[in-house]
Amino acid sequence: MKNEKAIADHWAQGDVYALIVSALGKMSKSLDEVTLEDLAPVDHFHARGFAATQELADRLPIKAGQHIVDIGCGLGGPARYIARRFQCKVSGLDITQPFVEAGNRLTALLRMEDQVTIQQGDGQRLPYADAAFDGAYTQHVTMNVSDRPRFFSEAYRVLKSGAFFALTEHGLGPNGDPHYPLPWSEDGSQAYLMPPLETRALLEAAGFEDIVLEDTGAKYLAGYRAALEKAEKGMLPPLGIHVLMGQSASQKTRNAARNIDEGRTHPIQVICRKPSASNF
Ligand SMILES: C[S@@+](CC[C@H](N)C(=O)[O-])C[C@H]1O[C@@H](n2cnc3c(N)ncnc32)[C@H](O)[C@@H]1O
């Protein structure tokens, strides 16, 4: 519980929705007319933001009417995008209550409550029935997960047979400890990075198959460098993930880039699936 609170407190405290509304106000955006694309700079809270979600979605075999779970959904930008793109339902779960509250208000703003719901919870103890979902994804969450075997076995449990599981994260690189602060930790506390091959082995041990692991380091590095260049030129827009990362946003971004460059982190995207019923 102590660890859970520390992680949630790290990600957000207070009224995140008010922060977003204030930034939209600076952009003279009326709340009645806000679109999913308007919110994308802030509500896809991971390396390369909306572009990375779109590229991940290109690879996911989601059909209209299916029910997908987003584990560690944050503000729910990816959940709303996937729900709209595939005409499916998405249930989101996140450990950080201020994100859950803001996420549900953003969903209401876009009038998508019948497709997307977000609740507070821990991905290591999913509050869902067995075989409830047609697919699951978790973007940039596992860096904070202390019990990966449990996290993966919970994802496996709630999936139907044949369903996909997708994951993006910063894995541990071969060249020493990462520099902090980083978006997921100020000083290395509540950070549980793991080398990609160990992640793959744990996914296999949980029962997943057809594991495709991709190195996303070069793409992330380019994304971080572009964000840093904008920040240095004072060109960051009012609405962006810097609003969520607080005072040390630039330093976190600089360290995220430096860690990849120095081989201290090893970012990956993984797509795998629970075996089909006929393979059991
Ligand atoms: C970098 S943000 C990513 C949010 C979202 N996946 C996205 O891509 O926009 C990391 C998120 O993981 C959540 N998180 C961390 N540990 C978690 C856990 N054990 N269970 C559920 N959510 C968790 C944090 O609260 C935070 O919202």
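The structure displayed is predicted, hence computed values, not measured ones. Both backbone and side-chain heavy atoms feed into the values below; hydrogens, waters and symmetry mates do not. For ligands, and for the atoms within them, numbers begin at 1 and follow the listed sequence.
Distances from ligand 1 to the non-hydrogen atoms of Gly77 include no value under 4.0 Å. Using a 4.0 Å heavy-atom cutoff, Ala8 is absent from the residues neighbouring ligand 1. Ligand 1 has at least one atom lying under 4.0 Å from a heavy atom of Asp43.
Using cut-offs of 30° and 60° on the angle between ring planes, the pair Phe50 and His44 is tilted. His140 and Tyr220 have tilted rings, their planes meeting at an angle from 30° to 60° on a 0 to 90° scale.
One distance of note links CD of Gln54 with CG of Leu56; it measures 11.0 Å at 0.5 Å rounding. Here Thr117 contributes atom OG1 and Leu93 contributes atom CG; the two are 10.5 Å apart, rounded to the nearest 0.5 Å.
Among the atoms of Asp70, none of the N or O lies under 3.5 angstrom from an N or O of ligand 1. Not a single N or O atom of Ile7, backbone or side chain, sits closer than 3.5 Å to an N or O atom of ligand 1. In terms of N/O distances under 3.5 Å, ligand 1 is approached by Asp122.
Checked for salt-bridge contact, Arg85 and Asp58 meet the test: a charged N lies under 4.0 Å from a carboxylate O.
Checking Val16, Ile95, Asp94 one by one against Val100, the side-chain contact (heavy atoms from CB on, under 4.5 Å) holds for a single residue, Asp94.
Remark: Lys160 NZ is packed, more than 12 non-hydrogen atoms of other residues, nucleotides or ligands lying under 6.0 Å away.
Here His10 and Trp184 keep their ring centres 6.0 angstrom or further from each other. Taking the six-membered ring for Trp and the full ring otherwise, Phe133 and Tyr128 have centroids separated by under 6.0 Å.
Nearest-heavy-atom check against atom 3 (C) of ligand 1 across Trp11, Phe45, Tyr81, Tyr192 picks out Phe45. Nearest residue to atom 25 (O) of ligand 1 from Val145, Asp9, Asp94 is Asp94 (criterion: closest heavy atom). Across the listed options Leu126, Thr96, Thr168, Ile95, Ile95 owns the non-hydrogen atom lying nearest to atom 21 (C) of ligand 1.
Against a heavy-atom cut-off of under 4.0 Å, His44 is close to the following atoms of ligand 1: 9 (O). Which parts of ligand 1 touch His46 is read off a 4.0 Å heavy-atom cut-off, strictly below it: atoms 7 (C), 8 (O), 9 (O). Interface of Gly74 with ligand 1, defined as ligand atoms under 4.0 Å from a residue heavy atom, comprises 4 (C), 5 (C), 27 (O). Near Gly121, meaning under 4.0 Å from any of its heavy atoms, are these atoms of ligand 1: 20 (N), 21 (C). Interface atoms of ligand 1 facing Phe99, defined by a heavy-atom separation under 4.0 Å, are 27 (O).
Residues His266 and His170 have side chains not in contact (no heavy-atom distance under 4.5 Å, counting atoms from C-beta outward).
Taking atom 20 (N) of ligand 1 as the reference point, the nearest protein heavy-atom neighbour is Gly123 N, 2.8 Å. Counting protein heavy atoms only, atom 6 (N) of ligand 1 is closest to Gly72 O, 2.6 Å. Scanning all protein heavy atoms for the shortest distance to atom 10 (C) of ligand 1 gives His140 O, 3.3 Å.
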